[in-house]
Amino acid sequence: MQYNDIYTVTSKGREELRGAVTTLSSDELDLLVRIDGKLTLSQIQLGMHESTMAGFDRALGSLIRLGLVEQAEPDPFADSLQMHVSQFALMEDDSEAEACAASLASNNYYVRIARTRPPVRRLAPGEKYSAILVDDEAPLAKFLSHYLIYEGFDVRIAGNRDEVVAEFRKPPVPDLVLLDVVLPDADGFDILSKIRAHPRLKDVPVIMLTGKSSREAVLKGLSRGADGYITKPVETDSLLQAVRTVMGLH
C-alpha cells in the first residue's frame, strides 16, 4: 500500500453505507465515509483527527479484506493531471488540505447508516417504547410518527428549541430519538452533544434524520455519538430497519 494510492468504494461498500445496518468499527466507518475515489490516502489523512489516524492502516486493511473498498483503476489522463496538480502544490502549501475539505463538504452524499447495539430494556405488559421525533417539517414529522406508532411506539414530536426542551423534560426517558440537524432556532449536532453529556439520556439511541447530505455532516454526527445517520428523502422501510438496528430489535 502506498499513501499516494487512490481507493474507491465498491458496490458492496455502497450497500454497507445504505443498508440501514452496519457492524463496522468507528475507525472503519469513518474511513469508509471519507473514501471518494478521487483523493489519495495521504490527502484523506489530512482531514482526520489524530485519534482516528492511529488506526488508519488497520481500518483500511479491514475494509479491503471485507471487499468494501478497492484500489482505483489507474487513469493515464487523470494521473498526468494529478502530476501537474502535485507540482503546483509545491507552491501552494494548503492545496492538499483544500482538496480534502472540498471533498468532505460536497453535497449529495446519501447514506442510511445504523450501528448495531445491544437490545434495549424489556417492556412491561401493555407498555410501549417511547420515541421523540425532532423535526420542524410538520408534514414529514406527522408522516413518520404514524409509521412509528404502527410499530408500537408512543411518539412525541418537537419542532423547535422550546419544544425540544419541553419534551425531553417530560417522563418517560425516551427509548429512541430521531433528530433533524437543521431546526429554526437550534442545531441538531448541539442537541446530540447535550444528549450524550446528560446522565439520564447519554445511552439513548439517536438517529440523525436530515437533509445535511455531505461527508462532513455524516462524520460530524457519527463522531458526536449518533447511532445512525439517514439522509433525506427518507425511505420508511430503511428508517424502520435502522430503528430496529439501533435498538437491538433485530
Side-chain angles (χ1 to χ4, degrees), residues 1-116 208 212-224 226-231 238 241-242 245:
M1 177 187 68
Q2 302 294 324
Y3 286 102
N4 60 348
D5 289 341
I6 296 174
Y7 278 77
T8 185
V9 178
T10 64
S11 58
K12 185 177 179 181
R14 290 190 291 273
E15 290 175 7
E16 185 77 20
L17 289 169
R18 300 177 184 179
V21 55
T22 184
T23 57
L24 295 179
S25 69
S26 296
D27 287 350
E28 292 164 353
L29 187 55
D30 181 280
L31 182 55
L32 183 61
V33 170
R34 291 175 186 273
I35 289 175
D36 68 350
K38 299 175 182 178
L39 297 180
T40 65
L41 296 180
S42 61
Q43 287 174 321
I44 289 173
Q45 288 178 323
L46 285 173
M48 300 181 74
H49 191 272
E50 286 186 14
S51 61
T52 309
M53 278 279 294
F56 183 90
D57 289 352
R58 183 171 58 254
L60 178 61
S62 178
L63 295 179
I64 294 171
R65 286 193 300 274
L66 292 170
L68 304 181
V69 302
E70 63 186 4
Q71 191 170 350
E73 291 292 329
D75 182 334
F77 176 76
D79 288 346
S80 64
L81 185 62
Q82 178 64 33
M83 180 182 68
H84 292 302
V85 171
S86 298
Q87 290 173 347
F88 181 73
L90 295 176
M91 298 178 288
E92 295 289 340
D93 293 338
D94 296 331
S95 61
E96 296 279 324
E98 287 172 1
C100 180
S103 173
L104 291 176
S106 61
N107 289 318
N108 301 317
Y109 182 71
Y110 297 103
V111 295
R112 297 188 293 266
I113 300 170
R115 291 169 167 158
T116 55
M208 308 299 288
K212 294 281 282 186
S213 55
S214 68
R215 285 181 169 83
E216 186 177 41
V218 173
L219 292 169
K220 188 174 183 179
L222 295 176
S223 67
R224 293 196 180 193
D227 300 284
Y229 200 108
I230 297 179
T231 47
S238 295
Q241 177 61 46
T245 298

*Considering non-hydrogen atoms only, spot the tightest contact between Thr231 and Tyr110 and give its length.*
OG1-CA, 3.2 Å

*How far does CG of Asp30 sit from CD1 of Ile35, to the nearest 0.5 angstrom?*
10.0 Å

*Taking all atoms of both residues into account, what is the closest heavy-atom pair of Leu17 and Ile113, and its distance?*
O-CG1, 3.6 Å

*Determine the minimum heavy-atom distance between Gly55 and Asp27, stating which atoms define it.*
CA-OD2, 3.9 Å

*Give the minimum heavy-atom separation between Lys38 and Gln43, together with the two atoms involved.*
O-OE1, 4.3 Å

*Look at the side chain of Arg215 and the backbone N and O of Leu104, then say whether any donor-acceptor pair between them is shorter than 3.5 Å.*
no

*Would you call Leu66 and Leu24 a side-chain contact if the rule is heavy atoms closer than 4.5 Å?*
yes

*When rounded to the nearest 0.5 angstrom, what is the spacing between CZ in Arg112 and OG1 in Thr22?*
13.5 Å

*Quick check: does any side chain N or O of Thr10 sit under 3.5 Å from a backbone N or O of Gly67, one acting as donor and the other as acceptor?*
yes

_Quick check for you: to the nearest 0.5 Å, what is the distance between Ser42 atom OG and Asp5 atom CG?_
9.5 Å

*Any side-chain heavy atom of Ile44 sitting closer than 4.5 Å to one from Tyr3?*
no

*Does any N or O in the side chain of Ser106 come within less than 3.5 Å of the main-chain N or O of Ser103, such that one atom is a donor and the other an acceptor?*
yes

_With rounding to the nearest 0.5 angstrom, report the CG to CZ distance, Leu29 to Arg34._
11.0 Å

*Least distance between heavy atoms, Phe56 atom then Met48 atom*: CD1-SD, 3.5 Å

_Check: Glu28 and Leu68 side chains under 4.5 Å, non-hydrogen atoms_ = no

*For the residue pair Asp36 and Tyr109, establish whether any side-chain heavy-atom pair is separated by less than 4.5 Å.*
no

*Nearest heavy atoms of Ala105 and Ser214, plus distance in Å*: O-CB, 3.7 Å

*How about Leu31 and Leu63: do any of their side-chain heavy atoms sit closer than 4.5 Å?*
yes

*Do any N or O atoms from the side chain of Thr245 and from the backbone of Gln241 form a donor-acceptor pair under 3.5 angstrom?*
yes

*Rounded to the nearest 0.5 Å, what separation is found between the NZ atom of Lys12 and the CD atom of Glu70?*
12.0 Å

_Counting C-beta onward and ignoring hydrogens, is there a side-chain heavy-atom pair between Arg115 and Leu222 closer than 4.5 Å?_
yes

*How long is the span from the SG atom in Cys100 to the CD atom in Gln45, to the nearest 0.5 Å?*
10.0 Å

